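Just so it is clear: chains get the letters A, B, ... in the order the sequence lines come, proteins before strands, and each one is counted from 1. Just so it is clear, the values below take in all heavy atoms, side chains as well, and ignore hydrogens, waters and symmetry mates. As the structure is a prediction and not an experimental result, all values here were calculated from the model.
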Amino acid sequence: MGTDPIIVTAALTRHYGALVAVDRLDLSVRQGVIFGLLGPNGAGKTTTIKMLTTLLPPTSGEARVAGFEVSAQPREVRRRIGYVPQMVSADGALTARENLTLSARLYRLPRAERRERITAALEFMGLAAAAEQLVRTYSGGMIRRLEVAQAMLHRPAVLFLDEPTLGLDPLARRAVWERLENLRGQWGTTVLITTHDMEEADVLCGEVALMHQGRIAALGAPEKLKREIGPDATLDDVFARVAGGTIETGGHYRDVRRARSTARRLG
Amino acid sequence: MTSGAPAAPRAAWADVAAIVEFCVQSLAVADAELRKLVRDPTELLTRAVQPALWLIIFGEVFTRVKAIPTGNLSYLEFMAPGVLAQSVLFSAIFFGIAVIWERDLGIVHKMLVSPAYRGALVMGKALSAGLRGLSQAVIIYVLALVMGIRLQYSPLSLVGVVAVVMLGSALFATFSLIVACLVKTRERFMGIGQVLTMPLFFASNAIYPLAIMPRWLQVVARVNPLTYVVDALRGLMVQGGHSVLGTWTDLGLQAAVFIVLLTIAAKLYPGLVR
């Protein structure tokens, strides 16, 4: 595992009309960590992840992911990343195997390896027994694990997950966390997640950045951030200190609606 | 500086590899769509109702009144290709709604994060729309057989019909996808879809010939791609039928329009998730 950062942004900025969603963001993520982008709804987490995954062109600034610039070399970036969006991205009208086959072909995995990799991915995610079932019959936790399998099939250097456990029950959440930790252990994959769930950040992430109004308000290992505030401090306390409010405040109607509909589909 | 000579064949190879990649990715998308369609064919069956009504009610009545000059063909023979073109149009024009649905789910995000060519993602969708269109053709042929409409069954004419139906479906589906990328919500899309279908249908030669239209309508019909779909089908499908504008002209124009729409759609598709 190298020490060079695998994600670097410099003054990364995105405007939506007059709204500044991400404001001159400077971020650096080391290879092989699980990195958490934290903050309330509307802090700019999803906008940041969309720019890093090449879905959204930045208004200004730069971002390099796995050695390539997102605006200048988007295809090179795309070859090296996996992405699980907040919404449900597995196709419910297809089986798990068919979903994976579609990904394998879009990423042009060699035909000889396809079957084997798909079977291995299904086993790794604990979905081998349900491989031929239509995904619309899956539980929320199974869908999320399938989506991670899909995003990992081409062995990306960086895996992005937007609110990976939103709407999942505690058991399903733990199962997702375990798989992500295993991926990091087995392949050295760098994982970047967004979350507003402080427990998730605490348990899963080696390093976190607290986002507030499009900027980074605090950065570091969860233990270090908490220790700086005092004994028995939580990440919520850290956020309250740096942002002058609790993490549960804020959020636009659109975000709330989207989060709810995602939770409903997964639940 | 290195000489350009060794670079040229390498560039050519890169082009070939890119074309192969484009095709593999298009087929992967089309294959997934086809699996869904085969699994749940109710949509295809409900779509059989409308052409049946047009042929059995409208067609039979107008055959009796003999109000529309159709040359050597009976009115039913004249309109059968028009009804097929109509089915192609109606099943393809609402294609965008499925794309908006996929966007709301996050499926489009997943596709766009892959290194697949954006054009290939659109092409795969267009291809699946073409296969949908073929199922409409099967329905019309069965109806025609039952109703005693004399169609051509020679291999050449069947191949021609397959080509026209697939191209026409792909064209209107891609157009629909462009509309979806522009309006982005289901409600707005439904409104626009409703507004578009009827003018496209009536401002074409589907149920009456170009020659009896008022001058202004002829002009509109000549820029309406549906006219070329109908005209080609009329030449290929019906015994004794002939194309007014020329089959190759019809096919060439459709192909050109499709390529332009495909290029526009590939540019707009990523905007769907911004």
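Looking at B:Val29, the atoms closer than 4.5 Å to chain A (heavy atoms on both sides) sit in the backbone and in the side chain alike. Heavy-atom distances place the side chain of B:Asp31, and not its backbone, under 4.5 Å from chain A. Proximity to chain B is limited to the side chain of A:Gln150, based on heavy atoms less than 4.5 angstrom apart. Looking at A:Ala90, the atoms closer than 4.5 Å to chain B (heavy atoms on both sides) all sit in the backbone: N, CA, C or O.
Salt-bridge check for B:Glu102 with B:Lys36: passed, with a basic side-chain N closer than 4.0 Å to an acidic carboxylate O. One finds no salt bridge joining A:Lys50 and A:Asp162 here, because no Lys/Arg side-chain nitrogen approaches an Asp/Glu carboxylate oxygen to under 4.0 Å. A:Arg136 has no carboxylate O lying under 4.0 Å from a charged side-chain N of A:Asp91, or vice versa, which leaves the two without a salt bridge. A salt bridge does not link A:Glu147 to B:Lys110: none of the charged side-chain nitrogens sits closer than 4.0 Å to a carboxylate oxygen.
A cation-pi arrangement is absent between A:Arg145 and A:Tyr138, since the terminal nitrogen or guanidinium carbon is not both under 6.0 Å from the aromatic centre and inside a 45° cone about the axis.
Shown here is B:Arg39, whose CZ atom has more than 12 heavy atoms of other residues, nucleotides or ligands within 6.0 Å. Counting non-hydrogen atoms of neighbouring residues, nucleotides and ligands closer than 6.0 angstrom, the CD atom of A:Glu62 reaches no more than 12 such neighbours.
Residues of residues 104-113 of chain A lying under 4.5 angstrom from chain B, judged on non-hydrogen atoms, are A:Arg105, A:Leu106, A:Tyr107, A:Arg108 in numerical order. Residues of residues 93-100 of chain A lying within less than 4.5 angstrom of chain B, judged on heavy atoms, are A:Ala93, A:Leu94, A:Thr95, A:Glu98, A:Asn99 in numerical order.
The aromatic rings of B:Phe90 and B:Phe201 sit perpendicular to each other, their planes meeting at more than 60°, with 30° as the lower class boundary.
With respect to chain B, the highest number of heavy-atom pairs below 4.5 Å among A:Leu134, A:Val84, A:Thr101 belongs to A:Leu134.
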- Would you check, one step at a time, whether the test side-chain hydrogen bond (donor to acceptor under 3.5 Å, both in side chains) holds for A:Thr165 with A:Glu200? CA-CA 8 Å; A:Thr165 62; A:Glu200 180 160 81; 2.4 Å; yes

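With values rounded to the nearest 0.5 angstrom, A:Ser139 atom OG is found 8.5 Å from A:Leu168 atom CG.
Partners of A:Phe68 according to the ring-ring contact (aromatic ring centres under 6.0 Å, His included) rule, which considers only residues two or more places apart in sequence or in another chain, do not exist here.
For residues 252-263 of chain B, no pair satisfies salt bridge (charged side-chain N to carboxylate O under 4.0 Å, His left out), with sequence neighbours left out.
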